[in-house]
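Single-structure report; data block below.
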Protein chains: 2
Amino acid sequence: MQSMLTGSTNTENKQSVSAVQRIERGLLEEIGAGELAPGQRLDEAGLASRFGASRTPVREALSRLTAQGVLVQGEKRGVFVAEYSREQLSQMFEAMHEIEAACARIVAQRLDFLSRSEIEAAQAGCVKAAEAGDRTEYLRANEAFHQAIYKATGNPYMAEIASEFRQRTGPFRAKKFASREDLLSSAQSHQALLDSIFSKDAAAASKSMRDHMAVSFLETLKAN
Amino acid sequence: MQSMLTGSTNTENKQSVSAVQRIERGLLEEIGAGELAPGQRLDEAGLASRFGASRTPVREALSRLTAQGVLVQGEKRGVFVAEYSREQLSQMFEAMHEIEAACARIVAQRLDFLSRSEIEAAQAGCVKAAEAGDRTEYLRANEAFHQAIYKATGNPYMAEIASEFRQRTGPFRAKKFASREDLLSSAQSHQALLDSIFSKDAAAASKSMRDHMAVSFLETLKAN
DNA sequence: GGATACTATTTTGTATGCAAATCAATTTGT
DNA sequence: ACAAATTGATTTGCATACAAAATAGTATCC
């Protein structure tokens with residue numbers, strides 16, 4: 001009778017996402033999408049009612065996101081969506097720069113067939129979105145592209161920190177890509193990077209990624 | 001009258017550390033010192049009574065440390081001190097490798113007088129501890145040395161992730177340095193690195209750091 | 001004797017309540 | 001009229017309580 005309620009099918013059970021996880025994911029999504037702007041204050045009670053939970057899980061989620069650097073604790077009161085000065089943005093991008101370049105170097109040295117397919121598929125998605133001029137779709141495809149590269153390092157820790165920085169800079173990068181030309185240009189830059197990687201030239205791969213990131217940084221600065 | 005009690009002098013007020021912070025720091029310290037070994041299970045209630053607090057702040061601290069990767073959630077029940085297989089250790093060190101090398105490269109390009117003094121002071125501490133054969137002191141000095149380099153990058157985010165990896169690998173690296181020779185050798189390796197950095201040779205600095213880290217990794221593997 | 005089912009205990013996740021801290025606003029004094 | 005102070009309203013941090021989940025232990029049945 002209540003067996004239907006107590007849990008979904010045992011096979012493939014998605015381990016009944018805890019409220020904390022729901023809230024954490026939800027917030028990340030909203031921040032990533034720019035719905036919660038940098039500098040915005042987050043009210044515990046408000047979030048609690050909005051997510052249909054009590055303050056306790058909200059608190060835990062905020063805590064974790066703060067530890068990840070997505071949120072910051074204000075001087076006195078309140079938790080805020082992390083907001084970075086231009087100097088901080090610049091420093092953050094420098095760090096991203098280094099990490100992404102390291103990823104590219106590693107991938108160039110260690111690429112296997114499966115990863116190559118995945119990366120190529122992701123790039124195909126980027127090209128398609130760029131040609132269609134679909135900005136939203138390109139943002140998603142671009143994300144997948146970079147994630148594919150991280151994954152191809154075969155090193156979950158590299159992937160982890162790279163993803164973390166991506167998340168932290170996400171709200172700022174989200175303002176990029178004003179025109180269809182920007183999308184096409186970005187996709188082209190991807191292709192240059194892939195050429196280096198697929199030719200297993202670690203130094204060239206690293207440099208291509210640096211170039212790509214440098215452009216990305218400039219665009220981001222312009223947009224913020 | 002009570003002005004003495006309500007707060008220490010308003011200048012330099014240490015903003016009355018919250019219980020969460022006390023617990024978080026305490027756990028980090030114990031883990032770093034190896035008192036809490038990798039794989040050890042952490043009991044919420046136990047920690048609560050041990051730190052003289054309730055489960056709520058303990059929970060928050062555990063949550064944050066989990067987000068930082070210092071702790072991991074077990075399959076079903078319990079939070080554990082992160083424990084890494086040899087493969088995972090290897091991957092973690094590879095990531096550290098890359099980050100530390102990037103730091104060295106940046107520092108070589110950007111070294112200012114103050115940072116140089118700080119690094120040299122830290123290195124002096126390492127040499128002194130090594131010559132004295134004081135392992136405990138060397139571990140501390142070595143930590144200070146690496147932190148000085150991170151700081152010298154002028155990039156808090158690079159410093160942050162580098163520190164994070166240092167923290168995560170800390171319990172494993174702590175088993176290194178069996179003999180006085182090991183200490184001296186490590187200090188010598190530092191010196192080579194500094195020579196590269198001070199000569200502003202970014203490529204050489206990066207390579208020196210890689211060499212240093214490679215040795216560190218091998219020693220760590222042997223000890224674990 | 002071994003396996004399965006049922007109960008009990010430990011443990012986690014969430015809710016609520018309360019006290020201390022911070023911010024805002026009104027009032028008071030000069 | 002403006003600065004300082006006091007009061008009032010949010011809001012945070014922590015503690016406790018309770019319910020659901022999971023493991024361990026026990027008993028029962030074959």
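Chain identifiers are assigned alphabetically (A, B, ...) following the order of the sequence lines, protein sequences preceding nucleic acid strands; residue numbering begins at 1 within each chain.
- More than 12 heavy atoms of other residues, nucleotides or ligands shown are found within 6.0 angstrom of CD on A:E160.
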Exercise for the section: Assess whether side chain to side chain donor-acceptor pair (under 3.5 Å) is satisfied between A:Y157 and B:R168, documenting all intermediate values. Expected result: CA-CA 11 Å; A:Y157 303 102; B:R168 287 170 79 166; 5.1 Å; no
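- Remark: B:R41 CZ is packed, more than 12 non-hydrogen atoms of other residues, nucleotides or ligands lying under 6.0 Å away.
- For the pair B:R140 and B:E137, the salt-bridge criterion is met [side-chain N within less than 4.0 Å of a carboxylate O].
- What separates CD of B:Q21 from C1' of D:dC14 is a distance of 14 Å, to the nearest Å.
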Problem - Letter per nucleotide, 5' to 3', of nucleotides 7-19 of chain C [B base touched, S only sugar-phosphate touched, - untouched; heavy atoms, 4.0 Å] - result: ---BSBBBBBB--
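- The side-chain hydrogen bond (donor to acceptor under 3.5 Å, both in side chains) test with B:E100 singles out one residue from B:R210, B:H146, B:R105, and that residue is B:H146.
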